[in-house]
Each structure stands twice: as structure tokens, then as C-alpha cells.
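Below is one structure, written out as C-alpha cells; comments come after it.
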Amino acid sequence: MPELPEIVSRAREMDRALRGKTIIEVKILQPKCLNVPARRFRTVLAGAGVREVRSRGKWIFVDTTQGWVLLNMGMGGEILLVQREAMPEKWRVSFAFDDGTALALNFWWFGYVHYAGAGKLGKHAMTSQLGPDATEFTRDRLQQMVTGKRGAVKALLLDQSRMAGIGNAYVHDILFMARLHPLRRLETLRQEEVDALAHAIQAGLLPSIERGGAFYEVDLHGKRGGFTREDMLIGYREGEACPSCGTVIEKIKTSSTSSFICPMCQPA
DNA sequence: TATCTTGTTAATCG
DNA sequence: ACGATTAACAAGAT
């Protein structure tokens with residue numbers, strides 16, 4: 001499940017590895033992940049030079065001389081840089097470059113490989129609606145975002161149009177560190193709690209970015225991220241002891257997603 | 001086999 | 001307009 005730390009890491013790796021290369025051929029095994037006809041996608045990008053790769057939220061933006069390639073890895077997958085004749089077993093879209101390498105994209109549920117013309121990035125609805133990266137929020141900015149809003153704090157964190165990059169993996173530890181229950185209403189948050197949340201967002205994401213993302217995703221060469229299961233405080237630790245107070249960690253349903261909480265540290 | 005799951009949009013209701 | 005909920009969609013693991 002690629003979230004901001006994994007996507008930031010992949011985009012950095014891609015920027016370093018792909019910048020200056022030219023796409024010579026695009027292959028598409030799964031046209032449904034595209035937003036334009038496969039033929040158009042292939043032809044418009046053939047011959048395109050990679051200028052830069054960057055990210056916002058869970059999206060990777062590849063800036064080429066012939067427009068933008070916009071990637072969303074959905075619930076998980078791999079972006080592998082391989083020799084063209086050594087493709088991995090599973091891939092859905094591939095880009096072959098002029099130096100004999102290829103980028104093989106795979107995802108197993110709901111990935112997107114979109115195209116936006118040069119200068120037309122603003123017309124791509126899914127990415128133009130993204131809020132600022134979660135890592136960009138200062139305490140003041142978060143307070144502004146919370147003021148006048150209603151609803152559950154978890155819903156705010158997961159709402160990509162308000163704050164981009166957090167998904168249902170990192171959110172557990174973020175809320176735990178802020179000592180907030182996922183369903184706590186925004187309108188009841190005191191300023192100290194908003195401050196704690198702002199700090200928790202940074203504390204929940206930055207260590208993983210520094211280590212190249214979480215262990216359950218891999219880098220361009222197939223190497224797992226350095227943020228391990230042991231680095232998680234309560235996420236996916238149902239039945240284990242809370243690292244702060246020892247209470248048994250619970251897995252609860254919060255609207256449509258699951259949440260892991262310490263019922264003592266994060267009272268409803 | 002049945003159930004679960006990390007994302008995102010669209011539709012709907014209050 | 002906003003918030004809450006649900007369904008749907010292209011798999012894979014257990």
C-alpha cells in the first residue's frame with residue numbers, strides 16, 4: 001500500500017534514474033488503467049524525453065518532453081527498472097528507454113497510469129484536486145484546516161483533497177502518537193491536540209521517508225523499504241501491548257476502514 | 001471457499 | 001455545500 005513515504009522514495013529514485021532518458025517504446029497489457037486510448041498513450045509518449053520526476057500525495061508525476069505520465073499505484077505494486085530483455089513475470093505497463101533499460105509497472109488492485117498533455121496538467125481532475133502534501137502542514141496550517149470543519153479526524157487525514165499522502169496504514173500510528181481516537185470530532189479538538197496532531201503527522205511519515213519507505217513495498221531494484229513492522233507502534237498489532245501503557249491494542253471498524261487503537265491512550 | 005484488504009470516484013441521502 | 005455512507009472497480013493472500 002504505497003502512501004506518501006513510499007511514493008516520495010520512488011519518485012526520488014525515478015528522478016535520479018530516469019532523468020535524461022528517452023522513451024522509445026510503451027507496452028500496455030492492461031488498457032483499463034489508462035485514461036486515454038492505448039494507441040494514443042503509446043504513440044504520444046514514444047520518443048519523449050524524461051525531464052523530471054516528482055510526487056504529490058500518492059501520485060508520481062513524470063514530466064516528459066511530450067506531456068505528463070501520472071502514476072497512482074493503488075493498493076500496492078512495483079515499479080521496477082530492469083534490462084529490457086529481463087522483464088519481471090508480472091507487469092501491466094512498461095516503458096522501454098534508449099539505453100536498453102525498461103520501467104515495468106505492476107499493481108494488483110486499482111492502479112492508474114494516466115496521461116496529461118504538456119501544459120494540461122491542471123485539467124487532470126484526480127491530481128489537480130490534491131491538497132498539499134501532509135508533510136507540508138505546520139501547526140498553524142493544520143489549525144486553519146481544522147477550524148470550522150466537522151467530522152472525524154481520521155476522515156480529514158485520509159481526505160486527499162485536503163491533505164495528500166496519508167493512507168490507512170500510516171494513519172494508525174499518527175493518531176496514536178497524537179493520542180486521538182479516529183472518530184474524534186474535529187469541532188471538539190483543543191489547540192494542544194491540533195498541535196500534537198501536526199507533530200504526529202511529521203513523526204509518522206518522516207522516519208519512513210528517510211528509510212526509503214515501508215518494508216511491504218520495494219524500490220526500483222526490488223529491494224524492500226527500511227521502515228519495518230517493528231517501527232510501527234500500534235498499526236497491525238492487534239492483541240499486542242500498547243508501547244505506552246501496556247493495554248491490549250484493538251482493531252475496530254471506523255466507518256468503512258479498520259483502525260488499530262489503544263483504547264486507553266485514545267479514548268473515544 | 002469465503003472473507004479480508006492498503007485507493008479513488010460516483011452516487012445518494014440527510 | 002458539506003458530511004456520511006455505500007457500492008463499484010482491473011487481485012491476491014489467507
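Here is how names work: the chains are called A, B, and so on, in the same order as the sequence lines, proteins then strands, and each is numbered from 1.
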Q. Between atom NE2 in A/H124 and atom P in B/dT8, what is the gap in whole Å?
A. 12 Å

Q: Would you mind checking if A/R10 and A/E217 are paired as a salt bridge, meaning a charged N to carboxylate O distance below 4.0 Å?
A: no

Q) CZ of A/R211: more than 12 outside heavy atoms within 6.0 angstrom? A) yes

Q) Pick from A/W68, A/Y115, A/W59: which one makes a ring-ring contact (aromatic ring centres under 6.0 Å, His included) with A/H124? A) A/W59

Q: Answer with base, sugar-phosphate or nothing: what part of the nucleic acid does A/M126 contact at a heavy-atom distance below 4.0 Å?
A: sugar-phosphate

(Q) Between P on C/dG3 and CG on A/L183, what's the gap in Å once rounded to a whole number? (A) 16 Å

Q) According to the Watson-Crick and G-U wobble definitions, with both distances under 3.5 Å, which nucleotide is paired to C/dA10? A) none

Q: Could you grab the distance from atom OH of A/Y236 to atom OG of A/S258, nearest 0.5 Å is fine?
A: 8.0 Å

(Q) With a 4.0 Å limit, can you tell me whether A/K90 has a side-chain N or O closer than that to the phosphate oxygens OP1/OP2 of C/dA11? (A) no

**Q.** Rounded interatomic separation in angstrom, taking CG from A/L71 and C1' from B/dT8
**A.** 16 Å

(Q) If I take atom CG in residue A/N106 and atom P in nucleotide C/dA10, what distance separates them, rounded to the nearest angstrom? (A) 16 Å

Q: Could you check which of C/dG3, B/dT8, C/dA10 has an atom nearest any side-chain atom of A/Q30?
A: C/dA10

Q.
Nearest heavy atom decides the nucleotide; on that basis, is A/R150 or A/R92 closer to the 5' end of DNA chain C?
A. A/R150

**Q.** Candidates C/dA4, B/dT8, C/dA10 - which lies nearest the side chain of A/W109
**A.** C/dA10

Q | C1' atoms of C/dA10 and B/dT1, separation to the nearest Å | A | 22 Å

Q) Hey, does A/S258 reach any base, or is it just sugar-phosphate, or nothing, if we go heavy atoms under 4.0 Å? A) sugar-phosphate

Q | A/K32 side chain, from C-beta outward: closest of B/dG7, B/dT5, C/dA10 | A | C/dA10

Q. C/dA1 phosphate, OP1 or OP2: any side-chain N/O from A/K149 under 4.0 angstrom?
A. no

(Q) Out of the candidates A/I23, A/V26, A/V36, only one should pair with A/R42 under the side chain to side chain contact (heavy atoms under 4.5 Å, CB included) rule; please name it. (A) A/V26

Q: Write down the distance between CG (A/N168) and C1' (B/dT5), rounded to a whole number of angstrom.
A: 9 Å

Q: Send over the distance from A/W108 CH2 to B/dT5 P, rounded to a whole Å.
A: 11 Å

Q | Expected output: side-chain A/E3 to main-chain A/A169 donor-acceptor under 3.5 Å | A | yes

Q. Looking at the side chain of A/C33, which of B/dG7, C/dA4, C/dA10 is the nearest nucleotide?
A. C/dA10

Q. What nucleotide among B/dG7, C/dG3, C/dT6 has an atom nearest to a side-chain atom of A/N72?
A. B/dG7

Q: Measure from the ring centre of A/F110 to the centre of the six-membered ring in the base of C/dC9, then say whether that distance is under 5.5 Å and the planes meet at under 30°.
A: yes

Q) Out of C/dG3, C/dT5, B/dT8, which has the shortest distance to the side chain of A/Q160? A) B/dT8

Q. In whole Å, what is the span from the CH2 atom of A/W91 to the C1' atom of C/dA10?
A. 16 Å

**Q.** Separation of C/dG3 P from A/L186 CG (nearest whole Å)
**A.** 9 Å

Q: Mind checking A/K253 for me? I need base, sugar-phosphate or nothing, with any heavy atom below 4.0 Å counting as a touch.
A: sugar-phosphate

